[in-house]
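Just so it is clear: chains get the letters A, B, ... in the order the sequence lines come, proteins before strands, and each one is counted from 1. This structure is a prediction, so every number in the text was calculated from the model and none was measured.
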Number of protein chains: 2
Amino acid sequence: MTERADAARNRRRILDAAVRVLRTQGASALTADTVAKEAGVGVGTVYRRFENRARLVYELIEENETRFQEELAGHASEPPRERLRAFLHGMADLLEEQRALLLIAEASAPAARYLSRPYRTHHEQLTSLVAELTPTVDAAYLADLLLMAYTPGLFDHQRGERDWPLERIKSGLDTLVDGIARTTERPS
Amino acid sequence: MTERADAARNRRRILDAAVRVLRTQGASALTADTVAKEAGVGVGTVYRRFENRARLVYELIEENETRFQEELAGHASEPPRERLRAFLHGMADLLEEQRALLLIAEASAPAARYLSRPYRTHHEQLTSLVAELTPTVDAAYLADLLLMAYTPGLFDHQRGERDWPLERIKSGLDTLVDGIARTTERPS
DNA sequence: CAGGCAAGCGGAGAGCTCTCCGCTTGCCAG
DNA sequence: CTGGCAAGCGGAGAGCTCTCCGCTTGCCTG
C-alpha cells in the first residue's frame, strides 16, 4: 500500500521545488503551475500527490516542525504551567516567522488547517497540557481555542493592521492561562 | 459623497438577487456570475459595489443582525457575567443557523472577516463586556479570542467532523468566562 | 435647460485552482 | 524474462474571482 517509486520521487521533487520557489520568488509565486514547472512535472501530478494547495504548504511547514518540538522537549521537567507558557510563546514565534506562508495556506483552503498534521499534533499536546493544569475543564475545547490565537489571518491583522507588538499577544495568552489555572483552585 | 441613484439601486438589486439565489439554489451557487445574472447587471457592477465575494456575504449577514442585537438588549439590566453569557450563547446559535453562508465567506477571503462590520461591532461589544467583568485584563485581546470560537471552519469541524453537540461548545465558553472572571478575584 | 465630467456600467479576458481522461510505467506472479 | 494491470502521469479545459477599459449616464453649475 506504499507509494510507488516514481510517485515518491515526484513527491520529493515537488517539495524541493516549492522550497526553491519560495526562496527565490516569494510566497505569492507559490502556484501549482510555477511549482510544477520548477519540479519538471505536470500540474496533474502536483494535485495527485497533494490534494490541494494548502496541503502542500502544510507538508512544507511540517518539515520545519522538528526545531519547535526539540525546544519543547527542553522544558519537559518543568511544571505544567511553565510548559504551557513555553508552548504558547514558541507557537507565537513560529507564526511570526512563517506568517506569509501560512497566510497562503489559509487563503487557499481555510478548513484544511484542522485536518493538517501540525494542527492535530499541536492540539493533542495542548489538550494534555491543559488537562494536567486543570482536570475539571474541557481540555480539548480549550486547546482549539488556544490554537485559534494562531490563526494566520487574525495574527496578521493584530500585528499589521492594528500594529500590536508580539509581546501583547504573548502576555494576553499568559493572562488567559492564569485564568484557566485558577478555574480549579476554588470550585466556587 | 453619497452613492449615485443608479448605484444605490444596483446595490439593492444585487443584495436581493443574492438572497433569492441563496434560497432557491443554495450557498454554493452564490457566485458573482449567478448573482449578476439574477440581478440583471454585469459582473463588473457586482465587484464595483462589493469589492469581493466575502464582502457581499457579510453585507447579507448584517441585514440579519438586528434580531441578535434586540435579543441582547433584553439582558441589558443583568450583571456583566450574565450579559457575556447571553452574548456568547446567542452568537453560537447565530453561527449554527448561518453556517453554510459563513463558510462561503471564509473560503473566499478569510482575512475579510476582521474588517467586516459584524466583526467590528461584536468586537467592540465584547471588549466592553470583558472590561466590565475584569478591568485588569487585556479586554480587546480576549474579545478577539472569544470571537475566534466562532470561526466558521472551526465550528464546522467541531460540529461536523468531530460530531460535538452545540451544548459542548456553549459550556466550554462558559467555563472560560468563569476563568476570566476569576482573574481579578484574588490577584495572586 | 444645457453642457461637462465624475461616477457608474458591462463583459472580455487574465490568472488561478482543481478535474478528467487517454496514455505510460513500475511491479509482481508465473 | 514476460505479461497484465493498478498506479501514476501530463496537460487541456471547466469553472471560478477579480481587473480593466471604452462607453454611458446622473447630477451639478451657470
Side-chain angles (χ1 to χ4, degrees), chain A residues 1-15 17-18 21-22 25-60 100-101 103-113 115 153, chain B residues 1-15 17-18 21-22 25-60 100-101 103-113 115 153:
Chain A
M1 217 46 309
T2 173
E3 243 168 20
R4 232 168 66 172
D6 52 348
R9 191 187 334 120
N10 280 335
R11 167 179 297 273
R12 259 276 49 95
R13 270 190 195 162
I14 291 166
L15 250 12
V21 168
L22 219 48
Q25 311 182 56
S28 66
L30 201 75
T31 69
D33 268 319
T34 316
V35 172
K37 202 147 291 175
E38 174 75 28
V41 303
V43 262
T45 303
V46 173
Y47 281 99
R48 163 163 289 267
R49 292 289 121 237
F50 294 100
E51 178 171 0
N52 59 43
R53 214 229 249 195
R55 267 312 226 244
L56 169 60
V57 173
Y58 285 122
E59 217 104 339
L60 239 38
L101 189 51
L103 276 170
I104 293 282
E106 187 180 39
S108 104
R113 182 181 175 201
L115 301 167
Chain B
M1 215 48 306
T2 173
E3 242 167 21
R4 231 166 67 169
D6 50 349
R9 192 186 334 120
N10 280 335
R11 167 180 297 273
R12 260 275 50 95
R13 270 189 195 164
I14 291 166
L15 249 14
V21 168
L22 218 49
Q25 311 181 54
S28 65
L30 201 74
T31 70
D33 267 319
T34 317
V35 172
K37 202 147 289 175
E38 175 74 29
V41 303
V43 262
T45 303
V46 173
Y47 281 99
R48 164 162 289 268
R49 292 291 120 238
F50 293 100
E51 179 172 358
N52 58 43
R53 210 223 231 188
R55 268 312 226 245
L56 168 60
V57 172
Y58 285 122
E59 216 103 340
L60 239 40
L101 189 51
L103 275 171
I104 293 283
E106 187 181 38
S108 105
R113 182 181 176 201
L115 300 167

Per atom distances to the B:R4 side chain, the nearest of D:dA7, D:dG26, C:dC18 is D:dG26
Just by modelled atom types, is the B:P110 backbone N or O under 3.5 Å from a matching donor or acceptor in the A:E106 side chain? no
Counting any heavy atom closer than 4.0 Å, what does A:R55 reach on the DNA or RNA strands: base, sugar-phosphate only, or nothing? nothing
Expressed in angstrom and rounded to an integer, what is the separation of A:R13 atom CZ from D:dG10 atom C1'? 14 Å
Mind checking if A:R48 touches a base, just sugar-phosphate, or nothing, with heavy atoms under 4.0 Å? base
Give me, pair by pair, the N or O atoms of the protein and of nucleotides 3-5 of chain D that are less than 3.5 Å apart, along with how far apart they are.
none

Over all strands shown, is A:R53 touching base, sugar-phosphate only, or nothing at heavy-atom distances under 4.0 angstrom? sugar-phosphate
What is the distance from CG of B:D33 to P of C:dG11, rounded to the nearest Å? 11 Å
Just call it for B:R49: base, sugar-phosphate, or nothing, with non-hydrogen atoms closer than 4.0 Å on any strand. sugar-phosphate
Side-chain touch B:R53/B:T31, heavy atoms, less than 4.5 angstrom: yes
From NZ of B:K37 across to P of C:dG11 the rounded distance in Å is 9 Å
The residue, B:R9 or B:T31, whose nearest nucleotide of DNA chain D is more 5′ is B:T31
If we call it a pair only when both distances are under 3.5 Å in a Watson-Crick or G-U wobble match, what pairs with D:dG22? C:dC9
What is the distance, rounded to the nearest whole Å, between atom CD of B:E51 and atom P of D:dC18? 9 Å
Looking only at the side chain of B:T45 (C-beta and beyond, no hydrogens), which of the listed nucleotides C:dT17, C:dG10, C:dG11 gets closest? C:dG10
Separation of D:dC9 P from A:N10 CG (nearest whole Å): 5 Å
Roughly, in whole Å, what's the span from CG in B:D6 to P in C:dG10? 9 Å
Taking the nucleotide of DNA chain D with the nearest heavy atom to each, does A:R11 or B:L30 sit closer to the 5' end? A:R11
